[in-house]
*Asks:* 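First the structure, then my questions, so here it is.
This chain uses plain numbering: 1 for the first residue, then up along the sequence.
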Amino acid sequence: MTPALRVPEGLSARVPAEQREPGLDRDGVRLLVSRGTEVSHHAFGELPGLLRAGDLLVVNTSPTLAAAVDGSVGHMRVVVHFSTRGDDARWAVEVREPDGRGTTRARACVDKGTVVRLPGGGRLVAEEPLSPRGDRLWWARVSGAEVTALLREHGRPIRYAYTDRDQPLSAYQTVFALPVPDGTGSAEMPSAARPFTARLVTELVSRGVQFAPVTLHTGVASAESHEPPYPERFSVPGESARLINAARAAGRRVVAVGTTAVRAVESAAGADGVVRPRAGWTDLVVTPERGVRVVDGLLTGLHEPEASHLLMLEAVAGRAAIDRGYDAAVRGRYLWHEFGDVHLLLR
């Protein structure tokens with residue numbers, strides 16, 4: 001994306017759609033549609049008329065966690081963002097500091113052995129960076145508290161400075177979210193699905209649109225440096241694999257709802273494009289060079305120009321379509337981020 005297409009000030013969605021105007025529901029956002037380099041403007045409620053009978057929407061069922069918890073390092077207040085639970089019961093965390101405006105900023109002085117005191121007598125100890133790429137996220141061990149219970153009792157949804165205020169956890173749950181037996185979920189909302197309502201899903205089903213659920217528990221985003229995603233836990237169940245393969249064999253479109261759904265389904269696809277049931281960890285980064293093997297379209301929020309997610313969008317639709325679409329979004333004053341407007345990219 002060229003510098004001319006950087007997002008202007010004032011285009012961040014500061015509150016959910018249903019709080020912006022009386023009478024609006026979650027689906028009261030705008031929908032930008034890119035078919036190749038052709039762009040059109042719609043209300044999100046028009047989505048059923050823009051899809052075809054037989055189209056298959058791949059949706060992420062991961063619930064959003066109240067993943068931000070206050071703590072302290074010595075006499076200094078911090079906020080811990082719990083990102084991902086590892087197989088060894090450690091958690092990947094980001095330790096941030098309050099910015100005085102109700103949100104947080106990056107904190108640079110976390111080292112091996114840093115101790116964070118948590119509410120209710122819990123204690124977190126940083127053990128090692130999650131990745132050689134940097135020390136933003138650390139593997140940490142928590143004692144004196146069970147983390148999912150800690151989040152339920154003391155946590156709140158992660159939010160960033162472009163929003164006006166804290167929101168209840170319900171504002172960050174999508175209509176597709178399902179509880180997970182072990183209490184885990186996504187540190188940040190799979191936000192492309194947020195505008196869907198039960199009413200809209202019912203209409204889509206009545207028009208012959210199908211749904212294939214997958215799960216990918218998304219970790220803490222890199223708000224400042226826009227790093228590529230770290231490994232995340234995912235699952236593509238057998239029935240969803242069957243639905244996706246049947247749609248592709250019949251020449252019907254497979255449209256992912258969100259970049260998390262793309263990452264999950266592409267992680268389960270072989271080089272032959274066949275999707276097989278799979279669960280575990282994925283470190284897949286979808287780029288134009290790698291390409292996509294399964295999806296024909298993507299419904300996604302609007303990402304910052306520096307975001308690594310744009311490489312995935314380019315893999316799905318091509319660079320020209322991304323540049324044209326984002327130029328239209330800026331000119332049309334579409335709203336960015338998790339409470340903002342939505343972009344449907346079709347090949």
Side-chain angles (χ1 to χ4, degrees), residues 1-22 24-34 39 41-44 64 67-68 79 81 94 96-106 136 156-174 186-196 218-227 229 257-260 298-310 312-313 322-345:
M1 182 175 297
T2 62
L5 293 184
R6 296 207 178 272
V7 181
E9 293 292 328
L11 292 189
S12 293
R14 305 192 71 82
V15 296
E18 60 271 24
Q19 297 177 20
R20 291 201 282 268
E21 290 182 32
L24 285 185
D25 202 345
R26 286 174 171 238
D27 58 4
V29 298
R30 300 168 68 192
L31 175 64
L32 180 71
V33 178
S34 293
V39 175
H41 303 271
H42 306 268
F44 188 78
T64 307
V79 179
H81 289 178
E94 182 178 12
R96 297 173 67 88
E97 56 187 44
D99 62 4
R101 301 189 301 272
T103 52
T104 62
R105 57 176 169 253
R136 180 178 68 90
R156 61 187 179 276
I158 291 172
R159 79 173 179 98
Y160 294 108
Y162 50 76
T163 57
D164 275 351
R165 55 186 177 270
D166 285 346
Q167 298 287 342
L169 184 58
S170 59
Y172 290 87
Q173 300 294 6
T174 75
S186 287
E188 297 182 2
M189 171 176 54
S191 55
R194 190 185 191 278
F196 285 85
T218 183
V220 173
S222 172
E224 287 82 19
S225 56
H226 301 288
E227 301 159 355
V257 178
T259 57
T260 60
L298 171 61
L299 185 72
T300 183
L302 296 167
H303 301 284
E304 295 284 2
E306 305 90 349
S308 62
H309 291 306
L310 291 185
M312 179 185 291
L313 272 60
I322 303 306
D323 285 349
R324 183 72 61 87
Y326 272 67
D327 181 50
V330 170
R331 293 175 187 275
R333 300 197 64 77
Y334 280 69
L335 296 180
W336 257 251
H337 301 303
E338 65 266 30
F339 297 136
D341 297 317
V342 190
H343 191 186
L344 174 61
L345 295 138

*Asks:* Does Gln19 have any side chain to side chain donor-acceptor pair (under 3.5 Å) partners at least two apart in sequence or in another chain, and if so, which?
*Replies:* Arg165, Gln167
*Asks:* Tell me, with the steps shown, if Leu32 and Val39 meet side-chain contact (heavy atoms from CB on, under 4.5 Å).
*Replies:* CA-CA 7 Å; Leu32 180 71; Val39 175; 3.2 Å; yes
*Asks:* Please name all residues satisfying side chain to side chain donor-acceptor pair (under 3.5 Å) with His41, sequence neighbours left out, ordered by chain then number.
*Replies:* Tyr334
*Asks:* Partners of Phe44 by ring-ring contact (aromatic ring centres under 6.0 Å, His included), sequence neighbours excluded?
*Replies:* Phe196
*Asks:* Could you report the tightest heavy-atom contact between Ala17 and Gly28, atom names first, then the distance?
*Replies:* CB-O, 3.9 Å
*Asks:* Go through the structure and list residues passing salt bridge (charged side-chain N to carboxylate O under 4.0 Å, His left out) with Arg26, not counting sequence neighbours.
*Replies:* none
*Asks:* Identify, with sequence neighbours excluded, every residue that meets ring-ring contact (aromatic ring centres under 6.0 Å, His included) alongside His337.
*Replies:* Tyr162
*Asks:* Carefully, step by step, assess Glu97 and Arg105 under the rule side-chain contact (heavy atoms from CB on, under 4.5 Å).
*Replies:* CA-CA 6 Å; Glu97 56 187 44; Arg105 57 176 169 253; 3.0 Å; yes
*Asks:* Identify, with sequence neighbours excluded, every residue that meets salt bridge (charged side-chain N to carboxylate O under 4.0 Å, His left out) alongside Arg156.
*Replies:* Asp70
*Asks:* Can you list everything that forms a side chain to side chain donor-acceptor pair (under 3.5 Å) with Ser191? Sequence neighbours excluded, please.
*Replies:* none
*Asks:* Once side chain to side chain donor-acceptor pair (under 3.5 Å) is applied, do any residues pair with Thr174, and if so which ones, sequence neighbours excluded?
*Replies:* none
*Asks:* Can you name the closest pair of heavy atoms from Ala192 and Gly301 and give their distance?
*Replies:* CB-N, 4.3 Å
*Asks:* Looking at residues at least two apart in the chain, or sitting in another chain, which of them share a salt bridge (charged side-chain N to carboxylate O under 4.0 Å, His left out) with Arg101?
*Replies:* Asp99
*Asks:* Heavy atoms only: give me the nearest Ala329-Trp336 pair and the separation to one decimal.
*Replies:* CB-CH2, 3.8 Å
*Asks:* If you compare all heavy atoms of Pro190 against all heavy atoms of Thr260, which two are closest, and at what distance to 0.1 Å?
*Replies:* CB-OG1, 4.1 Å
*Asks:* Using the side-chain contact (heavy atoms from CB on, under 4.5 Å) criterion, which residues pair with Thr300? Sequence neighbours excluded.
*Replies:* Thr259, Leu298, His303, Leu313, His343, Leu345
*Asks:* Using the side chain to side chain contact (heavy atoms under 4.5 Å, CB included) definition, which of the options Arg20, Arg194, Glu18 pairs with Val29?
*Replies:* Arg20
*Asks:* Can you tell me how far CG of Asp164 sits from CZ of Arg14, rounded to the nearest 0.5 angstrom?
*Replies:* 4.5 Å
*Asks:* Could you walk me through whether Thr104 and Ile158 pass the side-chain contact (heavy atoms from CB on, under 4.5 Å) test, one step at a time?
*Replies:* CA-CA 9 Å; Thr104 62; Ile158 291 172; over 6 Å; no
*Asks:* Among residues at least two apart in sequence or on other chains, which ones pass salt bridge (charged side-chain N to carboxylate O under 4.0 Å, His left out) with Arg333?
*Replies:* none
